[in-house]
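Presented below is the structure to which this report refers.
Quick note: numbers below take in every heavy atom, side chains included, and nothing from hydrogens, waters or symmetry partners. First listed ligand is number 1; within each ligand, the first listed atom is number 1.
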Amino acid sequence: MLNRAAVLADVAARVRQASPDAPLGVLVLRAQRVRDIELTLGYAAGEALGHAMQDALEAAVRPGDRVIRIGAHDFLVLLPALRGRSHAALGAAKFVRALQQPLDFDGQRAQPIVVAGIAMAPEDGEDPELLCRRADRACDDAMHGVERYAFWTAPPIPLDTLHDDLRAAIADNRLSVHLQPVAVLPDRVIHGYEALSRWTHPRLGRIPPDVFIGVAERGGTIGELTRWNVNVALRHLATLRASGKPVRISINLSAVALQVPGFVDQVLDLLRLWNVPGDALVFEITESALMRDVERCSHLLAQLRAGGVRIAIDDFGTGYSSLAYLRQLPVDAIKIDRSFIRDMVGDLRARRIVGTMIELAHDLDLVVVAEGIEDEATLALLQDAGCDAVQGYLIGRPALADDVVQRAQAR
Ligand code: C2E
Ligand code: CA
Ligand code: CA
């Protein structure tokens with residue numbers, strides 16, 4: 001008899017090892033019209049067919065994949081460390097093909113008709129049972145599609161429901177903050193962290209921050225969300241500094257949040273409350289958001305800066321501002337967008353653009369941070385170009401703030 005708890009534990013263990021770059025595929029494979037086979041060839045044949053299907057599946061998977069029989073002719077297949085959705089689709093198509101061959105068993109032969117449903121972790125959720133249900137639901141969709149497999153797709157979310165849920169999550173302290181290290185060059189000492197917000201919706205799973213920030217902006221809770229954010233970030237900052245780490249924390253600031261009446265005073269109050277110096281706090285505002293309403297934003301940023309707070313332009317290079325124009329703005333640093341950094345190794349033009357950005361920024365006394373560094377080759381190029389600081393998976397991935405702080409304290 002199938003042990004449900006054991007299956008879910010098996011899924012959970014693999015979910016824990018999954019990441020957006022190496023997702024886990026959860027597949028449900030189901031044979032259709034088995035009843036026809038049973039009624040023609042007999043129940044024993046149906047039973048034997050189930051075993052033959054399992055053997056065919058086991059032969060088709062990669063080492064490290066896991067096949068679990070969850071019904072007479074239903075299977076759960078776990079595919080860890082995929083390269084992405086298309087990799088999962090390739091797997092699903094292969095398994096369907098393998099099971100739709102004429103299978104021989106007990107001197108009989110049958111050709112089942114098979115569909116596959118796919119859910120991906122962490123993208124579609126991290127709860128094992130939810131993932132299985134989603135893959136199962138996708139199976140239903142596959143029956144009606146042209147392909148014999150389908151991915152789970154989220155039902156459209158009514159925006160106001162999502163907003164109500166977000167408001168409640170903020171009130172109940174159910175959002176979390178991840179911290180990603182920023183290191184100075186050339187010695188790679190970690191001198192700060194960027195705070196990145198995370199929200200796992202009870203039914204819908206993980207909602208990407210750019211999505212729920214947009215929801216908060218349109219629904220009018222961005223002020224509350226940002227206040228919550230600043231407070232949590234400063235709490236961690238105070239802990240880190242109290243244990244002798246002279247680090248900074250960067251917080252992403254939406255232009256809408258900046259313009260909420262009273263925001264600047266709130267920030268200055270919180271700095272006093274947590275007893276941290278203003279210059280240990282950095283606000284990152286995207287180039288495009290700043291340029292949309294440059295006068296009002298500059299005025300408010302200047303007030304923050306008068307309190308010592310530092311300002312960085314995020315996603316630099318994706319908007320249309322000229323660096324020379326930045327001189328007139330109350331800005332301390334630029335963060336060169338990942339799209340330029342990503343291409344540096346293979347693309348001379350990207351390398352030249354980044355080099356020019358760094359030179360010009362330095363002429364204007366701006367600090368330059370590069371984001372999205374994933375390999376040593378890119379880091380070496382940035383170091384040669386004179387970049388001041390770097391952030392990216394190579395230096396460290398974002399991780400739960402409590403864990404990051406604990407680890408930093410232990411160092
Ligand atoms: P961002 O400010 O550009 O943040 C960097 C994003 O790149 C983060 O995604 C981070 O996880 C990811 N990243 C960092 N290093 C690497 C790398 O080496 N390779 C790759 N491929 N990605 C890397 P995340 O956390 O999903 O955040 C997405 C965006 O959501 C952020 O972009 C930021 O604009 C926004 N955001 C996140 N938290 C908040 C918040 O609390 N408030 C506001 N207003 N915006 C936020
Ligand atoms: Ca940022
Ligand atoms: Ca960015």
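Within a 6.0 Å radius of NE2 in H87, more than 12 heavy atoms belonging to other residues, nucleotides or ligands are found.
You'll find the side chain of D10 reaches within 4.5 Å of the side chain of R66, heavy atoms only. With a 4.5 Å cut-off on side-chain heavy atoms, I118 and D124 do not count as touching.
Note that atom 7 (O) of ligand 1 has no protein non-hydrogen atoms nearby, at separations under 4.0 angstrom. There is no protein heavy atom less than 4.0 angstrom from atom 32 (O) of ligand 1. At a distance under 4.0 Å, a protein heavy atom can be found next to atom 17 (C) of ligand 1.
Residue D21 does not touch ligand 1, judged by heavy-atom distances below 4.0 Å. In D314, the part holding a heavy atom less than 4.0 Å from any atom of ligand 1 is the side chain. Residue contacts with ligand 1 for Q180 involve side-chain atoms from C-beta outward but no N, CA, C or O (heavy atoms, distance under 4.0 Å). Of all the heavy atoms of N229, the ones lying under 4.0 Å from any atom of ligand 1 belong exclusively to the side chain. Counting heavy atoms under 4.0 Å from ligand 1, residue H178 does not touch it at all. Of all the heavy atoms of I213, the ones lying under 4.0 Å from any atom of ligand 1 belong exclusively to the side chain. Contacts between E371 and ligand 1 below 4.0 angstrom, taking non-hydrogen atoms only, involve the side chain exclusively. Of the heavy atoms in S197, both backbone and side-chain atoms come closer than 4.0 Å to ligand 1.
For a threshold of 3.5 Å applied to N or O pairs, the pair formed by N252 and ligand 1 contains at least one separation below that value.
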Requested in this report: I would like to know whether R62 and D65 meet salt bridge (Lys or Arg N to Asp or Glu O under 4.0 Å); could you show each step before the answer?
Outcome: CA-CA 6 Å; R62 307 167 301 172; D65 293 346; 2.8 Å; yes
Query - Audit row: K335, E194, salt bridge (Lys or Arg N to Asp or Glu O under 4.0 Å) steps and yes/no - result: CA-CA 12 Å; K335 284 186 91 169; E194 176 173 2; 2.8 Å; yes
Requested in this report: Could you walk me through whether R349 and D347 pass the salt bridge (Lys or Arg N to Asp or Glu O under 4.0 Å) test, one step at a time?
Outcome: CA-CA 5 Å; R349 222 176 77 91; D347 181 353; 5.4 Å; no
Requested in this report: Take Q391 and Q180, measure what side-chain hydrogen bond (donor to acceptor under 3.5 Å, both in side chains) needs, and give me the verdict at the end.
Outcome: CA-CA 8 Å; Q391 181 182 351; Q180 184 179 32; 2.8 Å; yes
**Report entry** salt bridge (Lys or Arg N to Asp or Glu O under 4.0 Å) between R206 and E123, intermediate numbers included
**Finding:** CA-CA 7 Å; R206 183 187 293 181; E123 194 182 327; over 6 Å; no
Report task. Check the pair E295 / H299 against side-chain hydrogen bond (donor to acceptor under 3.5 Å, both in side chains), numbers first and verdict last. Result -> CA-CA 6 Å; E295 248 132 71; H299 176 67; over 6 Å; no
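The protein non-hydrogen atom at the shortest distance from atom 12 (C) of ligand 1 is Y393 OH, 4.4 Å. Closest protein heavy atom to atom 10 (C) of ligand 1: L196 CD1, 3.9 Å. Atom 19 (N) of ligand 1 has its closest protein heavy atom at E374 OE2, 2.5 Å. Of the protein's non-hydrogen atoms, R338 NH1, 2.9 Å is the one closest to atom 21 (N) of ligand 1. What sits closest to atom 29 (C) of ligand 1 on the protein, heavy atoms only, is D210 OD2, 3.7 Å.
Cation-pi geometry between R85 and F151 is met: under 6.0 angstrom from the ring centre, within 45 degrees of the axis. Seen from the ring of W152, R137 does not count as a face-on cation partner, given the 6.0 Å and 45° thresholds.
The side chain to side chain contact (heavy atoms under 4.5 Å, CB included) test with L234 is passed by exactly one of V276, T239, L273: V276.
D315 contributes atom OD1 as its closest N/O/S atom to the Ca ion (ligand 3). Within E371, the N/O/S atom positioned nearest the Ca ion (ligand 3) carries the name OE2. Looking only at N/O/S atoms, D314 comes nearest to the Ca ion (ligand 2) through OD2. E194 has its closest N, O or S atom to the Ca ion (ligand 2) at the position named OE2. When you scan the N, O or S atoms of E284 for the one nearest the Ca ion (ligand 2), you land on OE1.
Side-chain contact, S197 with N229: a donor N or O sits under 3.5 Å from an acceptor N or O.
A donor-acceptor pair is defined here as one N or O able to donate and one able to accept, closer than 3.5 Å; no such pair exists between the side chain of Q100 and the backbone of I113. Using a distance-only test at 3.5 Å, with no hydrogens or angles considered, a donor-acceptor pair links the side chain of D332 to the main chain of I311. Remark: the backbone N or O of R305 is not paired with any side-chain donor or acceptor of R310 at under 3.5 angstrom.
Put simply, part of G372 is less than 4.0 Å from ligand 1, judged by heavy atoms. Residue contact check for ligand 1: R397 places no non-hydrogen atom closer than 4.0 Å to it. The shortest separation from a heavy atom of Q391 to ligand 1 is not under 4.0 Å, leaving the residue out of contact.
Within the listing of ligand 1, atoms 15 (N), 18 (O) sit less than 4.0 angstrom from a heavy atom of G392. Atoms of ligand 1 lying under 4.0 Å from any heavy atom of P398, numbered from 1 in the order shown and given with element: 11 (O). Atoms of ligand 1 lying under 4.0 Å from any heavy atom of D315, numbered from 1 in the order shown and given with element: 3 (O). Near P209, with a cut-off below 4.0 Å to any heavy atom, the atoms of ligand 1 are 24 (P), 25 (O), 26 (O), 27 (O), 28 (C), 30 (O), 36 (N), 37 (C), 38 (N). The distance from ligand 1 to the heavy atoms of E194 drops below 4.0 Å at these ligand atoms: 2 (O), 4 (O).
Metal site remark for the Ca ion (ligand 2): N252 contributes an N, O or S atom at a distance under 3.0 Å.
Note on D343 versus R338: no salt bridge recorded, every NZ/NE/NH1/NH2 to OD/OE distance being 4.0 Å or above.
Going from atom CD of E284 over to atom CD1 of I251 covers 9.5 Å, rounded to the nearest 0.5 Å.
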